[in-house]
Amino acid sequence: MTPNGEQSTRTPGEQPLTTPGEQMHALVERLYPLCRSITGDGVRATLEIVDEYVPLRVHEVPTGTQVLDWTVPQEWNIRDAYIADAEGNRVVDFAASSLHVLGYSVPVARTMPLAELREHLYTLPDQPTLIPYRTSYYEPKWGFCLAQETLDALPDGDYEVCIDSTLADGHLTYAEHVIPGQVPDEVIVSCHVCHPSLANDNLAGIAVATFLARQLAEETPYYTYRFIFAPGTVGAITWLARNAERIERVKHGLVLACAGDSGQLNYKRSRRGDAEIDRVLRHVLSASERPHRIAEFTPYGYDERQYCSPGFDLGVGSLSRTPYAGYPEYHTSADNPDFVSPEAMADTLAVCREAFAVLDRNRRYVNLSPYGEPQLGRRGLYDSLGGRSDAKQAQMAMLWVLSLSDGEHSLLDVAERAALPFDTVAVAADALHGAGLIKA
Amino acid sequence: MTPNGEQSTRTPGEQPLTTPGEQMHALVERLYPLCRSITGDGVRATLEIVDEYVPLRVHEVPTGTQVLDWTVPQEWNIRDAYIADAEGNRVVDFAASSLHVLGYSVPVARTMPLAELREHLYTLPDQPTLIPYRTSYYEPKWGFCLAQETLDALPDGDYEVCIDSTLADGHLTYAEHVIPGQVPDEVIVSCHVCHPSLANDNLAGIAVATFLARQLAEETPYYTYRFIFAPGTVGAITWLARNAERIERVKHGLVLACAGDSGQLNYKRSRRGDAEIDRVLRHVLSASERPHRIAEFTPYGYDERQYCSPGFDLGVGSLSRTPYAGYPEYHTSADNPDFVSPEAMADTLAVCREAFAVLDRNRRYVNLSPYGEPQLGRRGLYDSLGGRSDAKQAQMAMLWVLSLSDGEHSLLDVAERAALPFDTVAVAADALHGAGLIKA
Amino acid sequence: MTPNGEQSTRTPGEQPLTTPGEQMHALVERLYPLCRSITGDGVRATLEIVDEYVPLRVHEVPTGTQVLDWTVPQEWNIRDAYIADAEGNRVVDFAASSLHVLGYSVPVARTMPLAELREHLYTLPDQPTLIPYRTSYYEPKWGFCLAQETLDALPDGDYEVCIDSTLADGHLTYAEHVIPGQVPDEVIVSCHVCHPSLANDNLAGIAVATFLARQLAEETPYYTYRFIFAPGTVGAITWLARNAERIERVKHGLVLACAGDSGQLNYKRSRRGDAEIDRVLRHVLSASERPHRIAEFTPYGYDERQYCSPGFDLGVGSLSRTPYAGYPEYHTSADNPDFVSPEAMADTLAVCREAFAVLDRNRRYVNLSPYGEPQLGRRGLYDSLGGRSDAKQAQMAMLWVLSLSDGEHSLLDVAERAALPFDTVAVAADALHGAGLIKA
């Protein structure tokens with residue numbers, strides 16, 4: 001990993017002989033303890049581990065840099081934090097969970113009575129055993145998050161509170177991994193890396209993105225695939241601000257989040273609603289007969305909010321399993337590595353691959369022999385024995401591709417209108433292309 | 001009321017301390033006995049009473065004036081009419097009901113046997129106790145309308161028939177009331193004033209229009225609202241003919257008819273089918289959870305026929321309760337003041353106000369910070385405490401307005417796509433506008 | 001019939017006094033024994049018989065002529081064919097059924113053991129009593145088609161096989177019949193004439209087309225109707241190749257096939273999906289309350305494949321009863337004259353006539369008095385007695401035609417939006433046109 005520099009050439013560490021699902025889960029477990037935030041060393045450590053799997057180009061953007069309507073904030077780092085009782089026992093300890101500290105807490109070192117301390121404590125009264133996840137990025141505050149039952153057990157009295165954090169000029173860190181394709185047009189895959197010890201949100205997304213990148217690199221894809229590992233909101237905004245000239249090359253994209261729970265897959269459409277990525281995901285999910293849900297765009301959620309803001313309006317959708325805030329473990333200490341499974345991550349990964357396999361082959365062809373049907377038989381593309389009614393699917397696919405290849409219809413259009421598998425249609429198009437009957 | 005002249009400054013008479021519904025019903029009762037037609041003193045007397053509530057500008061258009069494809073007809077007035085038996089007893093008497101005379105009857109004063117008289121008598125055999133409403137505007141005829149049971153009771157013999165009417169050059173009378181808005185673009189509210197003693201058709205419409213005008217005038221609306229009280233068909237045609245230069249300023253409109261019966265509300269779309277007024281009424285009726293019906297346009301009904309004729313094709317719909325001919329009392333003596341209720345008229349009035357409240361605020365904005373989300377937090381528009389999943393409706397409304405404010409989407413579009421109340425969206429837009437993030 | 005020459009003036013033979021359905025069935029029976037193929041004397045004999053009913057212009061196109069992507073093949077003729085056992089008994093005999101020979105079989109005269117012969121035999125194991133229909137137009141082969149049970153009964157041993165056919169340079173034959181209309185814009189009606197002894201596929205289509213032509217000729221239609229009797233695929237392609245300059249005059253079309261079985265009607269849309277012919281057939285079938293099915297276009301089927309190829313993309317649909325391959329008798333010896341009925345053919349014919357009656361009158365008019373409603377009463381087009389709610393259908397039709405005659409809407413659009421019968425709308429348009437209120 002070479003921050004701000006050339007592509008790393010470090011190869012990933014030796015992998016145990018397990019399934020990709022198990023490997024992804026192992027990655028989630030490695031990343032889990034780190035205290036990530038929108039800036040700081042937790043993000044850097046996270047990217048360093050990912051870099052063992054796919055080489056990353058890391059970008060460091062200085063505090064104060066104007067990025068679109070935003071400004072890169074000060075960098076936050078934290079070494080220790082606790083609440084100790086009169087006996088010096090740590091009743092809340094950052095070392096036990098990175099969630100215990102309100103994200104971006106300013107430093108504090110005081111002793112104060114519980115009554116006063118309460119104003120800085122965040123709990124979930126309805127889920128009394130869980131620690132909530134809370135942040136205060138843009139308003140200077142300090143605080144602790146803890147289980148309601150922990151709070152309830154605290155006797156009145158004075159407590160020592162310590163947050164050994166720093167907020168200082170530094171950098172915002174994000175990383176990219178690029179798989180060059182046959183064309184410079186890009187597909188972006190984006191996942192947020194700013195959440196601390198939360199497995200589904202978004203270590204599973206990071207793991208799926210990482211293994212997707214590894215698998216895509218096994219052959220040269222049609223599109224150039226760019227993986228973006230960035231802090232949520234301000235990170236995506238920073239990437240957009242620094243890539244203004246690249247935006248018009250971004251044709252499609254996918255935001256990966258909540259990618260590992262046991263719920264069914266959920267694809268959220270882009271703002272456009274009928275972008276090619278939207279149609280591809282709908283097709284793939286529907287064809288696969290997986291239980292799934294297609295959700296309309298809303299301007300809330302993950303970084304699709306930024307990619308789909310009206311000035312960019314990119315064809316970027318979002319793939320999740322149970323969407324944010326849709327499960328009780330969301331943004332609590334219950335979103336731990338046990339909450340995500342190798343099988344679910346493998347399933348999310350498989351759908352991404354299927355979708356990109358469609359996207360990569362979804363050409364628009366022009367029939368070069370559009371007046372009447374071309375004589376397929378003399379080109380060896382058609383059964384010579386007439387009078388049979390069982391026109392094979394492959395022949396139907398050829399006829400459909402010829403019929404709809406007027407420059408208006410993509411192969412996905414053909415597949416959907418013909419109610420044929422995309423792959424059958426793509427194979428037929430290849431045969432026709434090989435025979436010189438259609439051109440891209 | 002100043003015919004053909006400047007706006008009246010007469011203020012309405014002192015009102016009894018009752019609800020608007022009761023006041024509207026009282027107005028219906030006052031107007032009920034008058035014999036209105038497409039011309040004549042009955043219309044003038046009606047407008048004189050309305051003028052007590054909202055000042056009217058009355059227009060008198062001479063007989064013979066060419067108005068579009070039509071010609072203003074002679075003016076019809078009637079003083080008395082009856083059928084008397086041999087003993088001189090009035091067996092049918094105009095004084096008892098203005099419906100008894102065929103509208104626009106030419107004068108007659110003869111004695112004739114019942115057999116001959118029958119050709120001039122109109123009854124409703126299926127509703128034998130009711131007097132029908134009939135007219136013959138454009139073919140010179142005379143006739144009486146009466147209950148079938150009255151006719152059945154008449155012995156053979158000679159009857160004296162008298163219709164003391166005049167058909168002579170005069171004027172067609174209509175009136176306007178204008179509430180100046182912030183912009184010269186107009187909304188028209190039109191109701192027909194040509195029907196004699198029929199309460200729902202259209203005294204209730206006149207009453208709702210009158211009180212709508214009073215209430216709208218309480219503050220300066222965005223649009224300029226023009227209320228048109230005119231005889232059906234030829235009256236609306238006359239208004240259109242005399243306002244050719246104004247038409248392009250008419251952006252929306254509503255025809256009010258059958259506004260007081262106990263049936264559910266019925267909104268009939270404009271010819272365009274998806275004019276803004278159509279979408280507003282659908283939204284308001286749907287959001288209000290009132291039982292209601294949305295009907296497609298037909299070129300039959302009330303004066304929406306004229307406003308929506310293909311040359312004009314205005315965005316004018318029609319709001320009724322039970323639509324014309326949809327209730328057995330329609331165009332009979334059973335359509336009397338008991339058939340309409342204060343509650344129903346108040347409900348119709350309320351929907352009009354809700355609809356115009358949406359219409360008046362339904363802007364299209366442009367997001368001035370369309371690349372990525374603007375940082376709402378530093379403008380005080382966003383909760384500073386992150387990590388919470390319960391994004392409030394108000395914040396969602398702001399995000400939706402920002403997302404869709406590309407000059408293409410109105411706030412109603414935003415409300416419908418976001419499934420948020422229009423008011424919440426409008427308040428969000430006001431906040432964003434106040435912060436300089438969007439412009440109209 | 002005058003091949004390649006002027007229109008024949010021969011009148012059809014004297015007809016027995018029967019219904020058109022019975023006459024069509026008699027025609028099917030006459031045509032049934034002939035051995036048709038994509039070329040040859042069987043087609044010529046077929047056209048000679050059709051010419052007795054409607055005069056045909058026959059075209060002979062030489063072998064080797066380039067037609068679009070195809071080449072006119074050699075002409076195939078056959079005099080005799082059989083398989084004889086050792087005793088000289090014909091166990092399979094072309095004279096018994098034209099289906100017995102693989103279409104376009106090259107000549108053969110040999111004796112061979114059954115084991116070797118089997119490679120040239122085609123049966124239907126699942127329908128063991130039926131002879132299949134098979135061809136090999138573009139690959140030189142020979143073969144016999146026979147019932148599985150016939151084959152099973154053959155003892156091993158040597159058999160004499162004889163196919164007395166010729167494949168030689170000659171012509172491809174097709175014919176046209178044209179009914180001149182009021183305008184040069186054309187409607188084509190096309191049916192394939194290349195199938196041997198198969199009644200529903202397509203002698204019924206030929207019969208319906210023939211009688212349709214006879215009936216349409218009884219008065220001058222609006223459109224010019226061109227009937228095309230051509231071999232499937234290469235015949236239609238030949239017609240298209242030789243009529244390049246005519247194509248832009250072809251506004252609508254219908255392919256007739258499988259027109260005589262007892263199944264419900266099936267209309268297959270053109271490739272465009274919403275061509276006028278598609279809308280007309282949907283309207284007529286729906287209005288007639290016949291059970292029917294509307295099928296989406298597919299690039300497989302009959303010669304709509306060619307007319308709808310993307311370079312032409314004509315508004316040509318296909319009318320069948322049970323579509324191809326949808327009945328077990330399809331392409332077998334069970335598709336004999338008993339399989340088609342006079343009633344079914346008469347029904348198909350009736351729908352064609354209804355559809356063309358709509359198509360021929362489906363104008364777009366422009367309202368010449370579009371500002372407000374024109375005064376219909378003074379033109380005698382409207383009931384003079386007002387106040388009645390029972391606006392008649394005819395008057396509603398006039399109001400609808402006036403409302404929608406903006407040059408955008410056809411009378412079919414009017415009928416569908418108004419939910420009125422097309423005929424009522426067309427009559428109303430005639431009345432308005434007569435009164436000078438609309439122009440075409």
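We use all heavy atoms of the structure for the numbers below, so side chains are in, but hydrogens, waters and symmetry mates are not. Bear in mind that the values here come from a model prediction, so they are computed numbers and not experimental data. Every chain is numbered from 1, with letters handed out A, B, ... down the list of sequences.
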B/E245 CD: over 12 foreign heavy atoms closer than 6.0 Å:
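For B/E245, atom CD is crowded (more than 12 foreign heavy atoms under 6.0 Å).
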
What option among C/D406, C/L399, C/N367 has the most heavy-atom pairs under 4.5 Å with chain B?
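The option with the most such pairs is C/L399.
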
Does any backbone or side-chain atom of C/S403 lie under 4.5 Å from a heavy atom of chain B? Answer side chain, backbone, both or neither.
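Both backbone and side chain.
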
If I measure from the heavy atoms of chain B, does C/L402 come under 4.5 Å with its side chain, its backbone, both, or neither?
backbone

Need one label for B/I237: side chain, backbone, both or neither, based on atoms under 4.5 Å from any heavy atom in chain C.
side chain

Can you say whether B/Y307 sits under 4.5 Å from chain C via the side chain, the backbone, both, or neither, judging by heavy atoms?
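Answer is neither: B/Y307 stays 4.5 Å or more from chain C.
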
Tell me whether the guanidinium CZ or amine NZ of C/R363 lies under 6.0 angstrom from the six-membered ring centre of C/Y222 and within 45° of its axis.
yes

Suppose we screen for side-chain contact (heavy atoms from CB on, under 4.5 Å). Which residues come up paired with C/Y371, at least two apart in sequence or across chains?
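For C/Y371 the side-chain contact (heavy atoms from CB on, under 4.5 Å) partners, ignoring immediate neighbours, are B/L68, B/F312.
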
Starting from the C-alpha separation in whole Å, work towards a yes-or-no answer on salt bridge (charged side-chain N to carboxylate O under 4.0 Å, His left out) for C/D347 and C/R321.
CA-CA 10 Å; C/D347 185 59; C/R321 302 196 73 86; 3.0 Å; yes

Hey, can you tell me if B/H195 and B/Y133 have their rings parallel, tilted or perpendicular (30° and 60° cut-offs)?
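B/H195 and B/Y133: tilted rings.
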
Any ion pair linking C/R279 and C/D413 (charged N to carboxylate O, less than 4.0 Å)?
yes

Any idea which of B/A244, B/A241, B/P310 has the most non-hydrogen atom pairs under 4.5 angstrom with chain C?
B/P310

Hey, which of B/I247, B/T298, B/T233 has the most heavy atom pairs under 4.5 Å with chain C?
B/T298

